[in-house]
K.L.:
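I have a structure here, written as structure tokens, and I will follow up with some questions on it.
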Amino acid sequence: MSRDRSGYSALLASFAFAVAAFALSGPASAQQDPGVRGGPPGAGGSLPNLITCGVNPGCGQAFFTAAQVFFTSVFSVTGGIDDGAALGVTNGGPGLGPRFNLNQCAGCHAQPAAGGTSPRVNPQVAIATLHGANNVVPPFITKNGPVREARFVLNPDGTPDGQVHELYVISGRSDAPGCDIEQENFPAAIAANNVIYRIPTPTFGLGLVEGISDLNLVTAFNSNQALKSQLGVSGHFNINPDDGTITRFGWKAQEKSLLMFSGQAYLVEMGVTNELFPNKRDNETTPSCQFNVLPEDMTIFGTQDPVSPPTGSTASDFSTGIVNFSTFMRLSAPPTPVTSASAVRGSVVFNNIGCQACHVTQQQTAVNGLAFLNSSSNCPPTPAGSSASCEVTLNPYSDFAVHNMGYGLADRVTQGVANGQEFRTAPLWGIGQRIFFLHDGRTTDLVQAILDHASPQSEANAVINNYDLLPPQSKQDLLDFLRSL
Amino acid sequence: MRKLLYLAACLCLAGAVAWRSSAATMPLANPDDGTVEDGVFKSEYFNLSYPLPPGWIAGLAGPGPSTSGYYVLGSFVPAGELTGTILIAAQDIFFAAKPIDDVMAMTDEFGRTAAKVGGMKIDRPPSAVRIAGRRFGRVDFSGVGLFRSTWTTKIRCHFVSFNLTAGSRALLATLALSLNRLGPADDEETARVDPVCVGGYADAEHLLRKVDPAAVVPAFVPIPVRIVVGGDGSVEHVHVIRATSGQRDSIERALGQWKLKPDEIDGRRTEIETGLVIKFTPTGAVHYLPGNRTAPEAESE
């Protein structure tokens, strides 16, 4: 009987490979981030049951659709360059610069769909030299790294700064003749340890978040005090210094409303003046870089639809850019989770170890209903007998309070009453399809993001200890649950 | 000779005045002043000492006190592999979101909350236990492979909790037994007399003299303040629990000048401890909110 030498050799080779692989491998990973959830985007569409308008029943949906188009449009200095055409989106018009981080809202807010967070490929690299601009890409901006804005911690005189310092200038662009301002000196700021970073926050479902009453936020926050007290968790709300109401948007919950957020971002991230922020940030020092009448985004005064062809939403066509942006966010639906057996087990782990102390699963909008939803047409409720249910329940996995996250995550910037170590509980809905985590996008690994919650003075230390004590399968179930959101 | 006697009397009097002034201004301990030395957690304010289990050390430091008067007093872990944790926390009853001031009511509240968490099993329902001469409320619970026990006692206007977590029932039992070694902060022959807790005492009925602090931004933020009032009604100690440094200075300067009606128990004037919340408005006004009212102290013995 003869041996099948080829088969024997193959078997020997396979065995040798297996031995080598085993010898060279480190300890088997107990748990792993499954990675960005594949499949279609779980977000990006509108809320169901948007308001209808009598003879124009589709008005809510039409406004959302038109506002979404505006959100994806691309801006230039004078409006004469149409960079949107190459991307299949519209020309947003004038206003870019003199300083900017990008020329398109949806360029930063892109993953997994327009309105989301940082995409995998950073558009801030290519735009540095677009149309002849003279910029140098800062070291903290890389092609496969997160979209970032930079803030300086201190002013040159040592007083607190905390403001956004835009990455780029329009100097050298073909639509900015004669403009000759210089970029910020980021290498010097980095060398002085004076710069921190923020990545875009996702905007899905924010209309519902805006609609949570302060009372309901406080009620939800207080409802788990007993649980928090066992875990070292406290926290507090950030507040509007003008009226004492709770603020809730942004990494430190520093922004009061979607309109304010839109106006501020329009100016700071792209340079476009608007009715909330009508002056350029470089207005007095760089007259050679001012090309447009101000504000560049303004209410239409005429009676004829200014958009040609009209979008199908008169409200959108006559509204300013910031109203369109805020409407897009307000009418957007929250991310849709998926489910699996492991994710169900993981949700039990999530609640048991204490993640829910801050990442509160459920919130409710105000009892008076939301003006942009059709279901609110009977709100406020009529006296006894009304069956209208005006409150909307949402699952953002956040208490929208700020918490001390310790030295490890501190960025040394105070905003409102949130100090340099405090951050808003990041809403976890949609996290399954996010790429970069934490306020500066420092990691793409969910395991690392969890572990980074622990550091001296962090409120999360006890919960992370509980995570560390879990058996490996429970940790994996937790990760699978998070990636299902 | 007469001149010498006169000089000695003056020196004695000067010394007495200096001692009294120094005693009045000597800072009193605060709830978050605890330390760990030679494996023992000690708190002067709570008059508490807790020898850590053998081989256990301080873990990562917890956050500072919160606007609701919640403190992480200490967090402890084994020196080597993480097999369990001990978290000691305190909640100032004057500022808690829910005005509970009874240990068993607090323990029952926690038990109810824990029972609602999916997958959480209550292994030992809330019960009153006595350990190291103190009355505690205890509840044990477990889930997802973690075994936990929360012990709550009432000390000087605070609920102090020992929160034990272990990866095994055996270790949890060991940690629970370690609480038998709780003791006073110092070995004293005479019992220490702490101020009496009286919630809401700094109100219009009791305030004889009030000096408003200068308003300091940020406005609208609730600032919890604890004060100790001496037998003569003077404010002996001002503890601004959480505020900016500017707000803290302003409040300490002002409240240190307050005078209140002395409290009396059985005809004797006594020190009291009370709490209030201060808010500054954008216009510079100062709003005072009383802290939670408390029932008479009855838990320590």
Side-chain angles (χ1 to χ4, degrees), chain A residues 218 221-245 344-354 356 403-408 414 416-417 419 421-422 454-462 464-466 468-471 473-474 477-478, chain B residues 59-72 75 77 82-85 87-91 96-98 100 106-114 116-120 141-148 150 152 159 161 163 165-167 217-222 242 244 279 281-282:
Chain A
V218 171
F221 182 79
N222 287 340
S223 68
N224 66 358
Q225 280 298 328
L227 177 74
K228 289 204 277 265
S229 68
Q230 195 255 343
L231 293 166
V233 175
S234 47
H236 61 91
F237 290 106
N238 206 343
I239 56 175
N240 183 342
D242 295 324
D243 63 6
T245 58
V344 170
R345 291 194 302 269
S347 70
V348 174
V349 176
F350 183 88
N351 292 330
N352 262 261
I353 66 172
Q356 57 156 326
H403 295 269
N404 188 337
M405 299 312 297
Y407 295 168
T414 293
V417 298
N419 66 34
Q421 287 184 188
E422 293 178 322
S455 71
Q457 295 197 351
S458 172
E459 293 180 31
N461 289 340
I464 303 308
N465 278 337
N466 286 348
D468 281 335
L469 284 170
L470 288 172
Q473 185 56 53
S474 292
D477 289 339
L478 175 66
Chain B
L60 290 174
S66 78
T67 52
S68 63
Y70 175 76
Y71 303 82
V72 173
S75 171
V77 295
L82 185 72
T83 53
T85 62
L87 178 80
I88 308 176
Q91 172 63 59
K98 281 191 178 175
I100 300 173
M106 184 69 177
T107 306
D108 287 340
E109 168 75 10
F110 179 74
R112 273 192 296 273
T113 305
K116 286 183 198 166
V117 177
M120 194 85 85
F141 52 106
S142 62
V144 299
L146 302 182
F147 301 89
R148 286 178 273 185
T150 289
T152 307
F159 285 127
S161 63
N163 303 280
T165 303
V217 293
F220 298 116
V221 177
R242 184 190 165 101
T244 64
K279 278 191 191 181
T281 72

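Reminder, nothing fancy here: chain letters follow the sequence lines and each chain counts from 1. Below, all heavy atoms of this structure are taken into account, side chains as well, without hydrogens, waters or symmetry copies.
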K.L.:
Heavy-atom cut-off 4.5 Å, strictly under: side chain, backbone, both or neither for A:Ile239 against chain B?
P.N.:
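Interface part for A:Ile239: side chain.
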K.L.:
Top residue by heavy-atom pair count (under 4.5 Å) with chain B, among A:Asp243, A:Leu469, A:Asp242?
P.N.:
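If we count pairs closer than 4.5 Å to chain B, A:Leu469 comes out on top.
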K.L.:
Is B:Tyr70 close to chain A through its backbone or its side chain, or both, or neither, when contacts mean heavy atoms under 4.5 Å?
P.N.:
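It is the side chain, since no backbone atom gets that close.
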K.L.:
Heavy-atom distances under 4.5 Å only: say whether A:Gln421 touches chain B with side chain, backbone, both or neither.
P.N.:
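No part of A:Gln421 comes within 4.5 Å of chain B.
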K.L.:
Among the options A:Gln473, A:His236, A:Gln230, pick out the one with the most heavy-atom pairs lying under 4.5 Å from chain B.
P.N.:
A:Gln230
K.L.:
Heavy-atom distances under 4.5 Å only: say whether B:Val217 touches chain A with side chain, backbone, both or neither.
P.N.:
neither
K.L.:
For residues B:Pro63 and A:Asn404, report the shortest heavy-atom separation together with the two atoms involved.
P.N.:
CB-ND2, 4.0 Å
K.L.:
Where does B:Arg148 contact chain A at under 4.5 Å (heavy atoms): side chain, backbone, both or neither?
P.N.:
side chain
K.L.:
With only heavy atoms counted, which part of B:Ala114 is less than 4.5 Å from chain A, the side chain, the backbone, both or neither?
P.N.:
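Neither part.
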K.L.:
For B:Thr83, is it the side chain, the backbone, both, or neither that has a heavy atom closer than 4.5 Å to a heavy atom of chain A?
P.N.:
backbone
K.L.:
For B:Leu82, is it the side chain, the backbone, both, or neither that has a heavy atom closer than 4.5 Å to a heavy atom of chain A?
P.N.:
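Its backbone and side chain both get close to chain A.
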K.L.:
Measuring heavy-atom distances to chain B, does A:Asn352 have an atom under 4.5 Å in its side chain, in its backbone, in both, or in neither?
P.N.:
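Contact with chain B is through both the backbone and side chain of A:Asn352.
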K.L.:
By a 4.5 Å heavy-atom criterion (distance strictly below it), what part of A:Ala460 contacts chain B: side chain, backbone, both, or neither?
P.N.:
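Neither part; nothing is under 4.5 Å.
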K.L.:
Between A:Asn351 and chain B, with a heavy-atom cut-off of 4.5 Å, which part of the residue counts as in contact: side chain, backbone, both or neither?
P.N.:
both
K.L.:
Compare every heavy atom of A:Ala462 with every heavy atom of A:Leu231, then report the nearest pair and how far apart it is.
P.N.:
O-CB, 3.2 Å
K.L.:
Counting only heavy atoms closer than 4.5 Å, note whether A:Asn419 contacts chain B via side chain, backbone, both or neither.
P.N.:
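It is the side chain, since no backbone atom gets that close.
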K.L.:
Can you tell whether the side chains of B:Glu109 and B:Lys116 come within less than 4.0 Å, N to carboxylate O?
P.N.:
no
K.L.:
Using only atom types and a distance under 3.5 Å, with no angle test, would you say the side chain of A:Asp477 pairs donor to acceptor with the backbone of A:Val344?
P.N.:
no
K.L.:
Are the side chains of B:Phe110 and B:Phe141 in touch, meaning some heavy atoms are under 4.5 Å apart?
P.N.:
yes
K.L.:
I'd like to know which of A:Pro241, A:Ser474, A:Gly416 tops the heavy-atom pair count under 4.5 Å against chain B.
P.N.:
A:Pro241
K.L.:
Give a yes or no on whether the backbone of A:Phe221 and the side-chain of A:Lys228 come within a donor-acceptor separation of less than 3.5 Å.
P.N.:
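Between the backbone of A:Phe221 and the side chain of A:Lys228 there is a qualifying donor-acceptor contact (under 3.5 Å).
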K.L.:
Quick check on A:Ser347 against chain B: is it the side chain, the backbone, both or neither that has a heavy atom closer than 4.5 Å?
P.N.:
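When you check distances to chain B, no heavy atom of A:Ser347 falls under 4.5 Å.
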K.L.:
Heavy-atom cut-off 4.5 Å, strictly under: side chain, backbone, both or neither for A:Pro471 against chain B?
P.N.:
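Side chain of A:Pro471 only, per the 4.5 Å heavy-atom cut-off to chain B.
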K.L.:
Check whether A:Val218 gets within reach of chain B through its side chain, its backbone, both or neither, counting any heavy atom under 4.5 Å.
P.N.:
neither
K.L.:
How far apart are the closest heavy atoms of B:Val72 and B:Gly62, and which atoms are they?
P.N.:
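Heavy atoms only, the tightest pair is CG1-CA, 4.0 Å.
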K.L.:
Checking A:Gln225 against chain B: side chain, backbone, both or neither under 4.5 Å from a heavy atom?
P.N.:
side chain
